[in-house]
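A quick write-up on the structure given underneath.
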Protein chains: 2
Amino acid sequence: MAGTQGQKGGATIYSVAERAGVSIATVSRVLQGSDKVSAKTRQRVMTAVEELRYMPLGAARSLAVRHHEAHGLLLPELSGPYYSELLMGFESRAAELGQSVVLMLAEGKDDVGRAVRSLATRVDGIALLASAAIPDSVPETLAGSKPVVVIAGEAKPDVEAITTENAASAKALTAHVLAHGRRRLVFAGDPDSGPDIRDRYAGFVAAHEDLRLTAAAPVRTDLRESAGAELADRVLAGELTTDALVCANDELALAVMKRLRQGGRTVPDDLAVVGWDDVMTARYVEPGLTTVRQPVRELGALAAERLHARITSADIVDETQVLPTQLVLRASCGCTPDPLA
Amino acid sequence: MAGTQGQKGGATIYSVAERAGVSIATVSRVLQGSDKVSAKTRQRVMTAVEELRYMPLGAARSLAVRHHEAHGLLLPELSGPYYSELLMGFESRAAELGQSVVLMLAEGKDDVGRAVRSLATRVDGIALLASAAIPDSVPETLAGSKPVVVIAGEAKPDVEAITTENAASAKALTAHVLAHGRRRLVFAGDPDSGPDIRDRYAGFVAAHEDLRLTAAAPVRTDLRESAGAELADRVLAGELTTDALVCANDELALAVMKRLRQGGRTVPDDLAVVGWDDVMTARYVEPGLTTVRQPVRELGALAAERLHARITSADIVDETQVLPTQLVLRASCGCTPDPLA
DNA sequence: CTGTTAGCGCCTTCAA
DNA sequence: TTGAAGGCGCTAACAG
């Protein structure tokens, strides 16, 4: 006879049962869509539910069924299209699987570890993006107590990884630039900031090796616009000699291009510039930015899917799944622009 | 003596208590950071917690404290910087308030109403963006049973609204274009798609009225890139005569500009184009896009804040709060570009 | 400072 | 087809 009132906190299963003149078990059955309830009883219950505007309490259900029915997703931040696409793919697939998504951003949190521990308290599993903003200790601590999937990262014991292809396409991209006759390529981005950029640099190096060339050391920079301007300034000042900049992402490449033009340099004639991600701006700028497109949305969906698989079964996948990427050739590398683009 | 084991589902407060040789109440106190626990007892408990890798079950806590400690956020989708910024602001502020955020996207859901009802099951309140993708019935149904805040929408009974300024800045923007001598302005966007675009069109009309001019009817179009190309095609084909296009957002404006240039028109000489949002691309294109910047991130933070206020107290705010926007003049309206920009 | 004891709202056998 | 009753794990009085 508990909680029959529920005036303050809303209706409960008890108040609905009372109103419909049935037991709470019957109400529960109706709400679960059980077929072992007579039509008229079902109707009475439904009526009571609507009259009382009954809304079950998720926490109570979770406690009883021993599932949160929620996926946690941890991202560094959300600027740029990459994270958004990823998130859209993740949310969409999670919803299809009947799971809600609890989002957490690392940016601005002084203690990400603590925040994640609290997140882990309310979800059945966590997907997270490998990134310098998210310490390695996070997945390590989580693994073993909760299912974990890392995106764009590396598998560890008890941690499944999924990613998009980096090394091969970076090699193809670099080879393409070399094929334009450039010989003083510079890679801009920090290989230590995460496995994806590390692999892109590896591809950069590999393309050089194929031609018996020696790749320059990477220019370690973050991927913000401001870093791009600084990088371009170094080129303009003659500190950095290069005829082709292979940037770790598009934002960096675009910022570099802009500042270079302001400084009087012509892309691609004086200097080729290529990026990674194929953001919207890449096809709006002049010249169009040559870059690599990743199936980011699919990556997000796959993350939700794999996480769910790990939660529901002990469906272990050993090899990290790799989604293919695609070279997008425009004019910034030296190609002739497609007049129809 | 329940759940002392917890081998499958992880440690529970009972197993921790048993291991530490104390009662569950003490464990609870330690975990809550109560100061009425002796240092040595606290230590014993903490040790047990770590050894058992104990992780409290959020659902159980929620049930006991009668709070989910979570905010729901419903957005149409996530493409473009607007939603991302909003979400970042929301998440950040919610986290500061100790609330996790459960995100739901309307896009792709055949029954948004049902989805939202299920969302309402697991959060203490819901913030949502007013949008055609989210039927009005949603906030209406929710109101009364859960605190609701609508973003960029209108207040209703039991529904608080917050928004950014639209009408006045749209008027200022339009007046600016008129001051360039243009007289055949066309507004592109659907005033019925939501209150914000409706208000922008209202500002567009008001600026005309100030000059005793008659504003043209809006060209109703959605805000996608493809719609921009179609719109530009109509101009190129001579179907639509205009000397200035006032677009409801930047993506539309940018797509229009691009196609116009491909068609041989010069912006702003042949045709001025202005947008709304100040997306990244707006300052990368040539000419730079004149637009209006909104404090989107602050808007998101405010949403979380107001929602929390409504959840914790019955802190009712009647007037809908309006955040100021800012005109960003670049060259696409006919202004002389700033050489330093 | 610590332990006992009720619930919180829902699900799920087990009987009837 | 329905009801009774016992948890799910945690918090919060209330005693000691």
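Each chain gets a letter, A, B and so on, in the order its sequence line appears, and its residues count up from 1.
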Backbone of A:T164 reached by a side-chain donor or acceptor of A:Q294 within 3.5 Å: no
Nearest-neighbour nucleotide for the A:S28 side chain, C:dT12, D:dT1, C:dT4 considered: C:dT12
Proximal nucleotide (of C:dG9, D:dC10, D:dT1) relative to the A:S38 side chain: D:dT1
Between CG on residue B:L73 and CG on residue A:L103, distance to nearest 0.5 Å: 9.5 Å
Between CG on residue B:L302 and CD1 on residue B:I151, distance to nearest 0.5 Å: 9.0 Å
Contact residues, residues 118-126 of chain A to DNA chain D [heavy atom, < 4.0 Å]: none
Side chain proximity check, A:L119 to B:S100, heavy atoms < 4.5 angstrom: no
Nearest-angstrom distance from the residue atom CG of B:L63 to P of C:dA6: 18 Å
Sugar-phosphate, base or nothing in reach of B:S62, heavy atoms under 4.0 Å: nothing
Separation of atom CG in B:L57 from atom P in C:dC10, rounded to whole Å: 17 Å
Separation of A:R122 CZ from A:H68 NE2 (nearest 0.5 Å): 8.0 Å
B:R44 CZ - C:dC1 P separation (whole Å): 15 Å
Length of the line joining B:Y14:OH and C:dT5:P, which is rounded to integer Å: 12 Å
Proximity to the side chain of B:V65 - top-ranked nucleotide from C:dC11, C:dG7, D:dA12: D:dA12
Rounded interatomic separation in angstrom, taking CD1 from A:I13 and C1' from C:dC8: 13 Å
Sugar-phosphate, base or nothing in reach of A:I24, heavy atoms under 4.0 Å: base
Distance-only donor-acceptor test, A:R29 side-chain atoms vs D:dG3 base atoms, 3.5 Å: yes
Sugar-phosphate, base or nothing in reach of B:V22, heavy atoms under 4.0 Å: sugar-phosphate
5'-most by nearest nucleotide on DNA chain D - A:D35 or A:A25: A:D35
Distance, nearest 0.5 Å, that separates CZ of A:R42 from CG of A:L31: 10.0 Å
Gap separating the CD atom of A:E319 from the CD atom of A:Q321, nearest 0.5 angstrom: 7.0 Å
Inter-end axis angle, the helix from C:dC1-D:dG16 to C:dA16-D:dT1, with every axis fitted to five base pairs (rounded, 10 degrees): 30°
d(CZ, B:R66; P, C:dG7) in whole Å: 12 Å
Any pair counted as side-chain hydrogen bond (donor to acceptor under 3.5 Å, both in side chains), so long as it reaches residues 51-65 of chain B, sequence neighbours left out: B:R19-B:E51, B:Q32-B:R61, B:R61-B:E69
A:R61 CZ - D:dC10 P separation (whole Å): 19 Å
From D:dC8, D:dG9, D:dT11, nucleotide with atom closest to B:A60 side chain: D:dG9
For B:V149, the option from B:I126, B:L307, B:T320 that meets side chain to side chain contact (heavy atoms under 4.5 Å, CB included): B:L307
Distance, nearest 0.5 Å, that separates CG of A:L78 from CG of A:L86: 9.5 Å
Phosphate contact (C:dT2 OP1 or OP2) by B:T41 side-chain N/O below 4.0 Å: yes
Separation of atom NE2 in A:H67 from atom P in C:dT12, rounded to whole Å: 11 Å
